Undergrad: 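The structure under discussion is supplied below as structure tokens; questions concerning it will follow.
Being a predicted model, the structure only gives us computed values, none of them experimental. Side-chain atoms are counted along with the backbone in the values below, which use heavy atoms only and exclude waters and symmetry mates.
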Amino acid sequence: MGHLEDPALTNDLTVAREFDAGMTGPPLYISMDFIADGLAQMVGGLASAAVLFGYTWWAPLVLAGGWLATHWLLRESAVWRDRNTDDVRAAQRDAEYAYRIAVDPPAAKELRLFGLKDWTIDRFIDRRTTLHRMQYEATRLARSPCSRAW
């Protein structure tokens, strides 16, 4: 029972459960379309490079350079790298707790009985909004100082 009281293990289990449920990212059945689309575009790009190589040697290099430049420029905005920080894990755990006490039958019955349903809903909205704000701030497009002048 001692291992179940470990806060690090609790945090890891919360992150895994929310990822599996599709709360912190799309579930796998939705992600498969994006993965297949990315693979098809990569194969199409390689085929385009092979066709361009038949015309001139430098055209596939320009095509690959443009493709790599877009991936390099957008690399920071595509991934939520701060997913495993203590703040994010605490927000996930709090949001999950508020959700569970609102939807699990024994806890929900007591909330209705004591008139705490509005408090619980407000708490869940606050925790989930905090979590989404953290995700937005971590994944927003990083702007360089010269692009802010516009």
Undergrad: Can you name the salt bridge (Lys or Arg N to Asp or Glu O under 4.0 Å) partners of R123, sequence neighbours left out?
TA: none
Undergrad: Mind checking who shares a hydrophobic cluster with W67, ILVMFWY linked at side-chain heavy-atom distances under 4.5 Å?
TA: L68
Undergrad: Just jot down the side-chain contact (heavy atoms from CB on, under 4.5 Å) partners of I125, sequence neighbours excluded, or say none.
TA: I121, T129
Undergrad: May I have the list of side-chain donor-acceptor pairs in residues 32-59 shorter than 3.5 Å, sequence neighbours left out?
TA:
residue, atom, partner, partner atom, Å
D37, OD2, Q41, NE2, 3.4
S48, OG, G44, O, 2.9
T56, OG1, W58, NE1, 2.9

Undergrad: Show every donor-acceptor pair shorter than 3.5 Å between a side-chain atom in residues 100-114 and any protein atom, with sequence neighbours excluded, or say none if there are none.
TA:
residue, atom, partner, partner atom, Å
R100, NE, E96, OE2, 3.1
R100, NH1, D104, OD1, 3.1

